[in-house]
Amino acid sequence: MLLIECPWCGQRDQTEFSAHGEAHIARPTETATLNDEQWGNYVFFRSNSKGLHYERWTHDFGCRRWFNAVRDTVSDQFLVTYKPGEPAPDAKQLTQQLSDATSGTAKVSGV
Amino acid sequence: MKPYSLWSLVRNGISYDKDWQQAWRSPEPKKHYDVVIIGGGGHGLATAYYLARECGVRNVAVIEKGWLGGGNTGRNTTIVRSNYLLDESAGIYEHAMKLWEGLSQELNYNVMFSQRGLLHLAHSVHDMQEIGRRGNAIHLNGIDSEFLNPQQIKKMLPIINLNCRYPVMGGLLQRRGGTARHDAVAWGYARGADDMGVDIIQNCAVEGFDIQNGEVKGVRTSKGLIGAGKVGCVVAGHSSVLAEMAGFRMPLESVPLQALVSEPVKPVIDCVVMSNGIHVYVSQSDKGELVVGAGSDAYISYSQRGSFDQIEHVVGPLVELFPLFSRLRMLRQWGGIVDVTTDRSPILSKTPVKNLFINCGWGTGGFKCTPGSGHLFAHSIAQGEMHEKAAPFSIDRFNTGALIDEGAAAAVAH
């Protein structure tokens, strides 16, 4: 990790950032009809993935803006960072990128 | 199994220590067990031990991906205490404390349990209110807790700097708290369980579950399919990974937690010191090393490494509280992966898969409850219903809302 690519500021030290858990969890729209189980699943249950993890970060001691990232939770390597609202990168392609990177055949973009 | 005793020490000393028995076997897995416990850490081994010892279930296997006690059991700061706020927590942690108090005798294995006292420091009005509320709650639950003023703290810890940047205003002391030798806990339980016929199978990774009609029938491992009547999953940081194999999700996040150890010195602190406010906890091992606990990182990771800035964040307050330590060199630093729940309380629960039980979510403080967790989990697996002391810690609480919020008592900031 150590260096993180902020989509606005570029590469900055990890200590400028803070992590805020899993990304792309949409708040349910029909909140009036949700039961306890659905609410609990939305609020507390997480993928906690070993491998690719889509997550939210903020650049606290920089531009103070939020962004999304895909990181490999085994090596802590960031595969890509992107702005909120942009579509989530394809997991299959990133997995390929990661396996190429570990086998030394390609350079990983981002950090 | 030949018991360890003074006599056995003398006899084996005379024979140049050549005749010690091996502490446990390394058997090949059988085709089928009544109970398979996944995870050969303290909690898993304790579960197997109490299944055999108290529940009469002896056809048990413990399967472990690496080696015994090589995960968080061998990576924690060895602290034992039962000073939690809520009744449910008092029930489970004090249950463990009472088992700790007789554990070396019970196992015929010296776990070096040392009730040297555990002191929580308060540095602000808010801290004082927190220890006030919690200290009285602990007292009402029949567990020892005492308030100390700064003068009493200074008397107990002459090397402390009370007038540090955030001056020490008071403390909450549990005299029955202390430390134990973490490896010995795993080894003692392993030896005891093995003696009663439990197969401990190391270097055996779980690759999946054999689930038929919503009921677990076995575990697929790197050593083949192992049939099981019931399965107990006790794998800490990897609980979500195993749950995914079984087809359900967990309310957990796995994050790195770090600790470090200094060079050994003569005795300087004879109790465990914890401070939530400035975030440091430290004790001195019997070997003389200072054992220092750092904070956890906020991001999910399975790397067993934390970030560097966490080390600075713990060493700063340590040196501020104990200026004497500024000359010490740190010898080792490591990380473990802890599975944290939102309410900072563990999960001991049935799962959506029949006969698959899970014991996880101990977060940053599972070591202290090793005997209690194993004991209650063993009884729950044997009965097929959760023990009354374990029942409040069901996964269902995240859907019903009956959370057990121990955010303050958990001590590690996360």
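Per chain, numbering begins at 1; letters A, B, ... match sequence-line order. All heavy atoms count here, side chains included; hydrogens, waters and symmetry mates do not.
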> Nearest heavy-atom pair of A:Asp76 and B:Arg305: which atoms, and what distance?
Replying inline: OD2-O, 4.2 Å

>> For the backbone of B:Ile300 and the side chain of A:Arg71, can you confirm whether one donor and one acceptor N or O come within less than 3.5 Å of each other?
In response: yes

>> Please check if the number of heavy atoms outside A:Tyr42 that lie under 6.0 Å from its OH is greater than 12.
In response: yes

> Which atoms of B:Arg397 come close to chain A, meaning under 4.5 Å heavy atom to heavy atom: side chain ones, backbone ones, both, or neither?
Replying inline: neither

> Rounded to the nearest 0.5 Å, how far does CG of A:Asp13 lie from CG of B:Asp309?
Replying inline: 8.0 Å

> Can you name the closest pair of heavy atoms from B:Ser307 and A:Gln14 and give their distance?
Replying inline: CB-NE2, 3.2 Å

> Got a sec: does the CD of B:Glu207 have more than 12 other heavy atoms crowding it under 6.0 Å?
Replying inline: yes

> Mind checking what makes side chain to side chain donor-acceptor pair (under 3.5 Å) contact with A:His20, not counting sequence neighbours?
Replying inline: A:Ser18, A:Thr58

> Is B:Trp67 atom CH2 crowded by more than 12 heavy atoms from other residues, nucleotides or ligands, each under 6.0 Å away?
Replying inline: no

> CD of B:Glu215: more than 12 outside heavy atoms within 6.0 angstrom?
Replying inline: yes

> To the nearest 0.5 Å, what is the distance between NE2 (A:His53) and OG (B:Ser301)?
Replying inline: 11.0 Å

> Looking at B:Ser303, B:Gly401, B:Gly237, B:Ala298, which has the largest count of heavy-atom pairs under 4.5 Å with chain A?
Replying inline: B:Ser303

>> Working to the nearest 0.5 angstrom, can you tell me the gap between B:Glu253 CD and A:Thr73 OG1?
In response: 11.5 Å

> Relative to chain B, which segment of A:Asn41 carries a heavy atom at a distance below 4.5 Å: side chain, backbone, both, or neither?
Replying inline: both

> Highest number of heavy-atom pairs under 4.5 Å with chain A: which of B:Asn399, B:Ile337, B:Thr342?
Replying inline: B:Asn399

> Is A:Glu86 atom CD crowded by more than 12 heavy atoms from other residues, nucleotides or ligands, each under 6.0 Å away?
Replying inline: yes

> What residue in A:Gly21, A:Ser49, A:Gly51 has the most heavy-atom pairs under 4.5 Å with chain B?
Replying inline: A:Ser49

>> If you count every heavy atom of other residues, nucleotides or ligands that lies below 6.0 Å from A:Tyr82 atom OH, does the total exceed 12?
In response: yes

> If you measure from CD1 on B:Ile395 to CZ on A:Phe44, what distance do you get to the nearest 0.5 Å?
Replying inline: 13.5 Å

>> Please identify, among A:Val74, A:Asp36, A:Asn35, A:Asn48, the residue contributing the most non-hydrogen atom pairs under 4.5 Å to chain B.
In response: A:Asn48

>> To the closest 0.5 Å, what do you measure between OH (B:Tyr299) and CD (A:Glu55)?
In response: 10.0 Å

>> Can you list the residues of residues 242-252 of chain B that sit under 4.5 Å from chain A, counting heavy atoms only?
In response: B:Arg249, B:Met250, B:Pro251, B:Leu252

>> Within a 6.0 Å radius of atom CD on A:Gln38, are there more than 12 heavy atoms belonging to other residues, nucleotides or ligands?
In response: yes

>> If you compare all heavy atoms of A:Ser47 against all heavy atoms of B:Ser240, which two are closest, and at what distance to 0.1 Å?
In response: O-CB, 4.3 Å

